[in-house]
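Structure first, then comments.
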Number of protein chains: 2
Amino acid sequence: MTKPSPAARERIVAGAADMISRRGLNATSIREMAKHARAPLGSTYHYFPEGKQQLATEAVRHTGEWVARRLRKELEAGPVAGLRAFLALWRKIVVDSDFRAGCPVLAVSIEEPPTGETPPAVVAAADVFTEWESLLSASLREHGAGREEAAQLATLVVAAVEGTVAMCRAKRSIEPLDRAAEQLRALILATIKD
Amino acid sequence: MTKPSPAARERIVAGAADMISRRGLNATSIREMAKHARAPLGSTYHYFPEGKQQLATEAVRHTGEWVARRLRKELEAGPVAGLRAFLALWRKIVVDSDFRAGCPVLAVSIEEPPTGETPPAVVAAADVFTEWESLLSASLREHGAGREEAAQLATLVVAAVEGTVAMCRAKRSIEPLDRAAEQLRALILATIKD
DNA sequence: CTCTGGCTATAACAGCCGTCATAGTCTAAC
DNA sequence: GTTAGACTATGACGGCTGTTATAGCCAGAG
């Protein structure tokens, strides 16, 4: 092996996730992803032989796991702390990028493929959403929420965050996220029983 | 004039909104929009001399007003009825398209332009979100909700719907929307005072 | 009838797209 | 010191992109 650089591969994935979160999947070219990661175009097809779809899939999973790790850790202190961390995480992304970046998982979800089948990247996006919901839902149940109640609330939290992030980008303001946050916090407090 | 067709222009706008809601803005070419509306490419630049940005802007506004009209009408029966109609509207779009269509306003919101300035289509998207929120918020206040409370809840509803629609598309399931709907309904009932 | 002007048809432009193929480089193991 | 194989460099392919220009049509106004 040339370099001990499995770092190159990961750099490409992380860069792809960032670019997709800003411009969407279809508007992000492989050439730009490569350049953004300071990797040659050839390397892209070396690491990801299945091309753009594979790269997108891995970018989605990369983001999904990164968020899930953070969420898992913060949820140890309870659902309210978990929610706060979840909100803070996205708030930072939106604000630090000057309202230019969002969630790559959402971006991939809303770009229909020409084909009739569900592309792997969209399947990965669905899995990521489900995992985030599961983490929140489990924590809510541990704190006294009913099964159905917990599932509904978890879905609402994920959906509301994804939605507000997009609204914040359109409005060039963090207000939507902060407003929804208030309601979500109150709702969780009213749902858990301790 | 050749035809008494001011219909052509509107057909292009409506078609553009539909295509953008499925594939995103950047992945939808002007040629495809024209073909989808059975209009010649030349007509596109005749009706929309400022090109793709103008077409996207009008598509966003078209969708925004269409939804706002429906919302305004149903809100006459109160916030709960308004919410139900809002949810039903998006539910129909998602289900009827077999999870392939979503919201063009969201799609436009999350595709950053290369330039430093906010493109007109994104500004239009922000305005649309604000209008939907205003309608909901006003109705909530008419039914006893406080100013801040109403604004927060209105933002949460819009964000949650936009988010769930995307989640439904990724998962190829209507469940996320229906789950969030339950929570939103309960939340509104608990907030209004009559 | 002529003529005007909204609309269409067609072609061209420069440039980027995803993908592939090839030849080359350079390190680590033998 | 040789060799294998992971990585890079380069260039090409057909096709699609947004946009513009130009010439043509064809209904209604005068």
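What you are looking at is a predicted structure, and each value in this text was computed from that prediction instead of being measured. For the numbers below, each heavy atom of this structure counts, side chains included, while hydrogens, waters and symmetry mates do not.
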What is the distance, rounded to the nearest whole Å, between atom [atom1] of [X] and atom [atom2] of [N]?
X: Met33(A); N: dC17(C); atom1: CE; atom2: C1'; answer: 12 Å
X: Ile30(A); N: dG18(C); atom1: CD1; atom2: C1'; answer: 6 Å
X: Arg23(A); N: dT17(D); atom1: CZ; atom2: P; answer: 18 Å
X: Glu32(A); N: dG15(C); atom1: CD; atom2: P; answer: 16 Å
X: Arg38(A); N: dA9(D); atom1: CZ; atom2: P; answer: 14 Å
X: Leu55(B); N: dT17(D); atom1: CG; atom2: P; answer: 14 Å
X: His46(B); N: dT10(C); atom1: NE2; atom2: C1'; answer: 17 Å
X: Glu111(B); N: dG18(D); atom1: CD; atom2: P; answer: 12 Å

- Task: Scan Thr28(B) against the nucleic acid and name what it touches under 4.0 Å (heavy atoms): base, sugar-phosphate only, or nothing.
- Result: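 Sugar-phosphate only.
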- Below 4.0 angstrom from OP1 or OP2 of dC16(C), is there any side-chain N or O of Ser29(A)?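 False: Ser29(A) side-chain N/O out of range (4.0 Å or more) of dC16(C) OP1/OP2.
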- Query: What are the two closest heavy atoms between Ala180(B) and Thr164(B), and how far apart are they?
  - Reply: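 In terms of heavy atoms, the two residues are closest at CB-CG2, 3.6 Å.
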- Indicate the atoms forming the closest heavy-atom contact of Val60(A) with Ala124(A), along with that distance.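 Where Val60(A) meets Ala124(A) most closely, the heavy atoms are CG1-C, 3.8 Å.
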- Message: Under a 4.0 Å threshold between the charged nitrogen and the carboxylate oxygen, would Arg72(A) count as salt-bridged to Glu131(A)?
- Response: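 Yes.
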- Option among Arg179(B), Glu182(B), Gln183(B) that satisfies the side-chain hydrogen bond (donor to acceptor under 3.5 Å, both in side chains) test with Gln152(A):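 Going through the options one by one, the only one that passes is Gln183(B).
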- Query: Would Phe99(A) and Leu106(B) show up in the same hydrophobic cluster when neighbours are defined by side-chain heavy atoms closer than 4.5 Å?
  - Reply: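 No; Leu106(B) is not reachable from Phe99(A) via cluster members.
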- Task: From the options dG18(C), dC7(C), dA9(D), select the nucleotide whose nearest atom is closest to the side chain of Tyr45(A).
- Result: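 Closest of the options to the side chain of Tyr45(A): dG18(C).
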- Message: Let's see if you can work this out: which of dG18(D), dA9(C), dT19(C) has an atom nearest to the side-chain heavy atoms of Pro40(B)?
- Response: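 My answer, after comparing the listed nucleotides, is dA9(C).
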- Starting at the 5' end of DNA chain C, which residue's closest nucleotide do you reach first, Ala39(B) or Gly42(A)?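 Whichever sits nearer the 5' end wins; that is Ala39(B).
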- Item | 5' precedence on DNA chain C between Leu41(A) and Arg31(B) (nearest-nucleotide basis) |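 The answer here is Arg31(B).
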